[in-house]
Peer 1: 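First the structure, then my questions, so here it is.
Labels below follow one simple rule: chain letters A, B, ... track the order of the sequence lines, proteins then strands, and each chain is numbered from 1.
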Amino acid sequence: MAFQLPRRGLAQILALIVILLIDRMVSSQFFDLRLQDGRLFGSLIDVFNRGAPVALLALGMVLVIATRGIDLSVGAVMAISGAIAASLADSHAWPVAVAVALGAGLLCGLWNGFLVAVLGIQPIVATLILMVAGRGVAQLITEGRIVTFTSPDLAWFGTGSALGIPAPVLIVAGTLLVTGLVVRGSALGLLIEAAGGNARASELSGVGIRLMIVAVYVWCSLCAALAGVIAAADIMGADANNAGLWLELDAILAVVIGGTSLFGGRFSLILAVCGALIIQAMNTGILLSGYPPEFNLVVKAAVVLVVLLLQSPRLSGLVANFRKARA
Amino acid sequence: MALKRILMGLALASAPFIAPVTAAQLTVGFSQIGSESGWRAAETTVSKGEAAKRSVNLKIADAQQKQENQIKAIRSFVAQGVDAIFLAPVVSTGWDAVLKEAKEAKIPVILLDRDIDPSGKDLYLTAVTSDSVHEGEVAGDWLAKTVGDKQCSIVELQGTVGASVAANRKKGFDTAIAKHANLKIVRSQTGDFTRAKGKEVMESFIKAEGGGKTICAVYAHNDDMMVGAIQAMKEAGLKPGKDILTVSIDAVPDIFKAMVAGEANATVELTPNMAGPALDALTAYKDKGTTPLKWIQTESKLYTAADDPQKAYDSKKGLGY
């Protein structure tokens with residue numbers, strides 16, 4: 001859990017602050033907070049609350065990407081776990097519903113890990129299978145309908161709060177803490193980075209790569225399953241057709257904005273979450289701005305481009321050269 | 001000779017039966033898009049019911065959202081020599097070749113729910129669809145009538161950007177409220193037709209409009225977004241249906257549930273019964289030779305709390321929405 005903020009990470013944090021300030025310019029009450037039914041209420045809270053599912057996905061995805069893999073199935077896993085949780089919510093106690101949903105996530109992760117680490121299929125292909133099939137599985141569970149539930153216990157995961165902080169935000173914070181402790185509190189993080197940097201070299205130095213990669217995919221799917229429970233709890237229903245749709249791309253984007261290379265190696269958990277918040281701060285800003293919706297994607301693309309350019313080593317090299325030349 | 005006489009006799013004896021038998025035993029092939037939404041599933045259920053009511057043998061082929069599957073299904077219906085083909089086209093183009101085959105086999109084709117490119121106009125008998133511009137108008141007219149002369153700021157949850165239904169429902173609503181200077185859309189964003197996005201967008205509308213106090217009504221292009229928006233209003237401490245009026249389109253069961261709870265005001269039905277009018281047109285065409293109009297518009301019925309939402313919910317919840 002090293003919390004040092006070296007050069008790395010400065011760009012992301014600055015970008016987040018700048019986007020939040022732009023949001024404030026767009027909407028004057030952006031930073032206003034009040035308590036509503038014992039829960040903090042305001043646009044800033046929305047950024048954290050709505051960003052929670054992608055932040056969770058990013059927390060799992062960043063480890064997978066650090067091993068030079070990728071997991072395209074997280075959106076589909078969200079749909080499956082949400083469908084299970086919603087179907088069980090009214091007939092079973094909430095721990096059962098959540099446990100079965102997370103159990104399904106575990107199985108999905110084992111499947112992905114098996115295909116990648118044991119059968120040696122390329123991650124993008126291996127997880128594409130579950131991305132396509134998983135949504136079908138979710139639709140089978142819900143029979144193509146939106147399954148609604150009324151249990152307030154499960155709804156807490158989406159709309160509840162503790163000490164005024166919305167439950168999804170607490171869940172992300174908890175997951176970040178646990179992941180950080182496990183990965184950075186031991187040598188595991190280093191080993192994951194080593195495997196991503198050079199799999200063969202780390203294998204030869206005695207790192208049990210296979211099991212580690214399976215574990216990483218399992219963790220990624222578990223995070224996705226948790227995100228699925230939150231998404232279902234939020235609308236008190238499971239929408240298998242739309243839950244988590246295209247969120248795998250947002251998660252990958254969050255990881256990339258967080259400065260982790262798709263070629264594996266060095267990664268940062270906190271910056272991946274920061275990436276997810278940057279995406280959501282942008283989304284919330286667009287919604288508050290009152291621009292016609294046709295602009296949403298263009299604005300989003302432009303901002304992402306700027307954030308990525310800020311991080312580009314070659315660009316900062318160019319800027320430095322330019323300054324030197326002028327001086 | 002004897003054989004001939006027997007055959008003649010048989011033919012004569014069976015003659016009275018032939019006509020009613022063919023009329024009663026129409027076989028219709030229905031190429032359905034798939035079950036991508038609850039409405040689609042309900043349409044399939046209702047189609048089966050309507051066919052059974054008229055003792056028509058309805059063969060449904062599920063295309064799983066793929067045009068090539070629909071083309072295959074139509075070819076196989078032609079090969080089986082069905083009496084008519086119902087088609088819910090997944091896209092509007094690329095039907096010319098296969099519909100010509102059906103035409104050459106003298107099998108009438110009726111389009112359900114969606115239209116195809118105008119170039120294929122002579123390749124089908126009629127199209128049974130809803131007018132989504134009109135749906136928006138019905139929603140707008142209801143709001144104008146309910147609000148009266150009061151000033152009213154409306155927020156709009158649009159469907160998916162680029163979807164023709166969304167564009168049409170917006171156009172119809174805009175036309176209806178343009179006649180009333182006191183009605184104005186102050187915010188409009190896409191909620192992608194989903195509950196989750198409807199809720200998220202409504203949350204931001206509420207914050208952008210002073211905690212929702214200045215919003216007088218929400219118009220959503222479908223009920224699912226409205227169900228999400230209702231949750232957002234409740235979580236913000238507002239009373240949907242009282243503080244903020246709601247009007248949306250589709251008439252899915254859950255909006256009636258909200259109506260029973262007093263949290264939704266009005267919905268405009270997109271009827272899942274497209275097969276009923278299609279079968280009626282087909283029977284008239286087969287029995288009396290009446291060529292139907294090229295377009296049969298289904299009714300866009302308005303439901304409010306006065307229309308017994310509990311009963312509507314009960315009748316709709318079993319349809320597979």
Peer 1: Where on Val201(B) is there a heavy atom nearer than 4.5 Å to chain A: the side chain, the backbone, both, or neither?
Peer 2: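 Both parts, backbone and side chain.
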
Peer 1: Is it true that the NZ or CZ of Lys59(B) lies under 6.0 Å from the centre of Phe86(B)'s six-membered ring and within 45 degrees of the ring axis?
Peer 2: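 No.
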
Peer 1: Tell me, do Cys108(A) and Ile80(A) make a side-chain contact under 4.5 Å, heavy atoms counted?
Peer 2: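 Result yes, sub-4.5 Å side-chain heavy-atom pair found.
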
Peer 1: At a 4.5 Å cut-off on heavy atoms, which part of Asp254(B) comes close to chain A: side chain, backbone, both, or neither?
Peer 2: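 When you check distances to chain A, only side chain atoms of Asp254(B) fall under 4.5 Å.
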
Peer 1: Would you check if Lys199(B) and Asp234(A) make a side-chain contact, meaning some heavy-atom pair closer than 4.5 Å?
Peer 2: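 Side-chain contact under 4.5 Å: yes.
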
Peer 1: Is any side-chain heavy atom of Thr271(B) less than 4.5 Å from a side-chain heavy atom of Ser130(B)?
Peer 2: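 Result no, sub-4.5 Å side-chain heavy-atom pair not found.
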
Peer 1: Who among Ala41(B), Gly210(B), Ala236(B) has the most heavy-atom pairs with chain A under 4.5 Å?
Peer 2: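 Highest number of heavy-atom pairs under 4.5 Å: Ala236(B).
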
Peer 1: Give the member of Thr284(A), Ile146(A), Leu297(A), Leu245(A) that has the highest number of heavy-atom pairs under 4.5 Å with chain B.
Peer 2: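 That would be Ile146(A).
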
Peer 1: Considering only NZ, NE, NH1 and NH2 on the basic side and carboxylate oxygens on the acidic side, decide whether Lys316(B) and Glu269(B) come within less than 4.0 Å.
Peer 2: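 Yes, charged N to carboxylate O under 4.0 Å.
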
Peer 1: Highest number of heavy-atom pairs under 4.5 Å with chain A: which of Lys207(B), Glu209(B), Glu203(B)?
Peer 2: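 Top option by heavy-atom pairs under 4.5 Å: Lys207(B).
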
Peer 1: Which atoms of Thr190(B) are under 4.5 Å from chain A, going by heavy atoms: the side chain, the backbone, both sets, or neither?
Peer 2: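 For Thr190(B), backbone and side chain are both near chain A.
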
Peer 1: Are the side chains of Arg169(B) and Val133(B) in touch, meaning some heavy atoms are under 4.5 Å apart?
Peer 2: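 In short, these two side chains do not touch, never coming nearer than 4.5 Å.
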
Peer 1: Please classify the contact of Gln189(B) with chain A as side chain, backbone, both or neither, using a heavy-atom distance under 4.5 Å.
Peer 2: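 Contact with chain A is through both the backbone and side chain of Gln189(B).
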
Peer 1: Output, in order, the C-alpha distance, side-chain angles, deciding distance and verdict of salt bridge (charged side-chain N to carboxylate O under 4.0 Å, His left out) for Asp243(B) and Lys213(B).
Peer 2: CA-CA 8 Å; Asp243(B) 298 345; Lys213(B) 287 182 195 71; over 6 Å; no

Peer 1: Find out whether Leu143(B) and Tyr219(B) are in side-chain contact, i.e. whether some heavy atom of one side chain is under 4.5 Å from a heavy atom of the other.
Peer 2: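 They are not in contact (no side-chain heavy atoms under 4.5 Å apart), so the answer is no.
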
Peer 1: Can we say Asp239(A) and Arg145(A) salt-bridge, meaning some charged N sits less than 4.0 Å from an Asp/Glu carboxylate O?
Peer 2: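 No salt bridge links Asp239(A) with Arg145(A).
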
Peer 1: So which residue, Gln231(B), Lys257(B), Arg187(B), ends up with the most heavy-atom pairs under 4.5 Å with chain A?
Peer 2: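 Looking at each option in turn, the highest pair count goes to Gln231(B).
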
Peer 1: Measuring heavy-atom distances to chain B, does Tyr291(A) have an atom under 4.5 Å in its side chain, in its backbone, in both, or in neither?
Peer 2: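 When you check distances to chain B, only backbone atoms of Tyr291(A) fall under 4.5 Å.
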
Peer 1: Which answer fits Ile286(A), side chain, backbone, both or neither, if we ask what part of it has an atom under 4.5 Å from a heavy atom of chain B?
Peer 2: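 Both parts, backbone and side chain.
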
Peer 1: What residue in Ala231(A), Gly290(A), Gly42(A) has the most heavy-atom pairs under 4.5 Å with chain B?
Peer 2: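 Most heavy-atom pairs under 4.5 Å with chain B: Gly42(A).
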
Peer 1: Under 4.5 Å from any heavy atom of chain B, what part of Asp37(A) do you find: side chain, backbone, both or neither?
Peer 2: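 Only the side chain of Asp37(A) comes within 4.5 Å of chain B.
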
Peer 1: Between Ser27(A) and chain B, which part of the residue has a heavy atom less than 4.5 Å away: side chain, backbone, both or neither?
Peer 2: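 Contact with chain B: none, neither part.
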
Peer 1: Does any heavy atom of chain B fall under 4.5 Å from the side chain of Asp32(A), the backbone, both, or neither of them?
Peer 2: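 For Asp32(A), there is no contact with chain B at all, as no heavy atom is under 4.5 Å.
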
Peer 1: Are side-chain heavy atoms of Asn241(A) and Phe193(B) found at a separation under 4.5 Å?
Peer 2: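 No, their side chains stay 4.5 Å or more apart.
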
Peer 1: Give, as side chain, backbone, both or neither, the part of Ser289(A) having an atom under 4.5 angstrom from any heavy atom of chain B.
Peer 2: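 The backbone, not the side chain.
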
Peer 1: Between Arg50(A) and chain B, which part of the residue has a heavy atom less than 4.5 Å away: side chain, backbone, both or neither?
Peer 2: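 Side chain only.
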
